[in-house]
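In what follows, chains are A, B, ... by sequence order, proteins preceding strands, each numbered from 1. Just so you know, these numbers come straight off a predicted model, no measurement behind them.
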2 protein chains.
Amino acid sequence: MSDTDVLIKRSGLRNTKQRKAILDIIRISELPVTAEDVYLELKKQHIPVNLSTVYRTMETMSECMLIKKLRFLGEEKTFFEYFKAMHRHYLVCLRCKKILPISGCPLKSYEKTLEEKTDYSISGHRLDIYGYCPQCKETDNI
Amino acid sequence: MSDTDVLIKRSGLRNTKQRKAILDIIRISELPVTAEDVYLELKKQHIPVNLSTVYRTMETMSECMLIKKLRFLGEEKTFFEYFKAMHRHYLVCLRCKKILPISGCPLKSYEKTLEEKTDYSISGHRLDIYGYCPQCKETDNI
DNA sequence: CTACATGCAAACCGTTTGCACCCTA
DNA sequence: TAGGGTGCAAACGGTTTGCATGTAG
């Protein structure tokens, strides 16, 4: 029984071939993926699956906190990444759309301050940084 | 000639009744609005306009940097706000979806550091903070 | 008077859903 | 063998587009 099997079972989900394959793909990918990415990868691996199953599975898994939903500016599609305890931010190239993970989060103490100031209960934040990668910043931006 | 007229002309756009009315609505609103919000407000003011015109106009204006596009987590719709030089972040209530503007940005110096570390040319960031507002945090969250 | 703007309706595209069938536990 | 999972096709909802008409400059 693989790690992936354990993760699925522990979440109270039935362990089907499709779910295992989907979670494997998301876990292995070091970058966020879309439902379509996962679907195409499954096809490439000759694992029979329907796009709607991919959507349903990824929705279920994100409710179970196995994976996390992400959205980037100017991208109409929803991305997903494996749920790591340690949260991450990304630097996205506005020209080639390359996604670069950033280490560390600059907002830890800021959230506490804000909580006191606003009387909200802060549960988290979304931070993405945009710019041009070393390759793209050389060429005429825009 | 109103401020709004000047803004539109300065962007090289033709100054139609619809554009003026749309930009007025976005400028006056202190919170981000959706295309539908604007459309409904125009109807309320008895200004004849088509939804597709609203979308087209808001797209054009955001290309001209008159307004800015925003997206919030869990919201399928695109929001727009008037383009102010000073950028802003929002604290969004996960339960009632209320949007609270936050003063100040905690990321000024961080971007410089990151630029040096990654060799990217950073153009900006998106930061939204999520939590529960004073009212909603009292009731059972979720 | 002409190039840009608008209205209308239809297309689009990512995502969701209803329902019958399938298969894990 | 029962209840969750899947495939299929159709619907959905926000947004975009093609085309004919209108209007600002």
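Going from atom CD1 of A/I122 over to atom CG of A/L114 covers 4.0 Å, rounded to the nearest 0.5 Å. Atom OH in B/Y120 sits 8.5 Å away from atom SG in A/C136 (nearest 0.5 Å).
The shortest distance between the side-chain N/O atoms of A/T57 and the OP1/OP2 oxygens of D/dG5 is not below 4.0 Å. Regarding contacts with the backbone of D/dT15, a side-chain N or O of B/Y55 is found under 4.0 angstrom from either OP1 or OP2.
In this structure B/L94 satisfies the side chain to side chain contact (heavy atoms under 4.5 Å, CB included) test together with A/S123, B/Y130, B/Y132, sequence neighbours excluded. Listed by chain and residue number, nothing satisfies the side chain to side chain contact (heavy atoms under 4.5 Å, CB included) test with B/T113 (two or more places apart in sequence, or in another chain). Residues satisfying the salt bridge (Lys or Arg N to Asp or Glu O under 4.0 Å) test with B/K17, not counting sequence neighbours, are none. Looking at residues two or more places apart in sequence or on another chain, you find a salt bridge (Lys or Arg N to Asp or Glu O under 4.0 Å) between A/K20 and A/D24. Among residues two or more places apart in sequence or in another chain, the side chain to side chain contact (heavy atoms under 4.5 Å, CB included) test is passed with B/K69 by B/E59, B/S62, B/T78, B/F80. Evaluation of the salt bridge (Lys or Arg N to Asp or Glu O under 4.0 Å) rule for B/R27 yields B/D3 as partners, not counting sequence neighbours. Among residues two or more places apart in sequence or in another chain, the salt bridge (Lys or Arg N to Asp or Glu O under 4.0 Å) test is passed with B/E36 by B/K77.
Each of B/E59 and A/V54 has a nearest nucleotide on DNA chain D; the 5'-most of these lies closest to A/V54.
B/E75 approaches B/R71 most closely through the heavy-atom pair O-NH2, 3.3 Å.
Atom P of nucleotide D/dG14 and atom CZ of A/R71 are separated by 13 Å, given to the nearest angstrom. Between the C1' atom of D/dT21 and the CZ atom of B/R56 lies a distance of 12 Å, rounded to the nearest Å. Separating the CD atom of B/E75 from the C1' atom of D/dT15 is a distance of 16 Å, rounded to the nearest angstrom.
Note on residues 103-112 of chain B: pairs passing side chain to side chain donor-acceptor pair (under 3.5 Å), not counting sequence neighbours, are B/E111-B/H125.
Annotation: proximity of residues 44-51 of chain A to DNA chain D (heavy atom, distance under 4.0 Å) is found for A/P48, A/V49, A/N50, numbered in ascending order. Less than 4.0 Å separates DNA chain D from at least one heavy atom of each of the following residues of residues 13-36 of chain A: A/R14, A/T16, A/Q18, A/R19.
Heavy-atom contacts of chain B under 4.0 Å fall on DNA chain C between two terminal nucleotides, which in 5' to 3' order are C/dA3 to C/dA9.
Both key distances under 3.5 Å define a Watson-Crick or G-U pair, and stretches of 3 or more such consecutive pairs in DNA chain D run C:1-25 with D:1-25.
Within the 4.5 Å cutoff, the side chain of B/H89 has no heavy atoms near those of the B/I129 side chain.
Put simply, the side chain of B/Q18 never gets that close to the backbone of B/V49: no donor and acceptor are under 3.5 Å apart.
Base contact: B/S52 has a heavy atom under 4.0 Å from a base atom.
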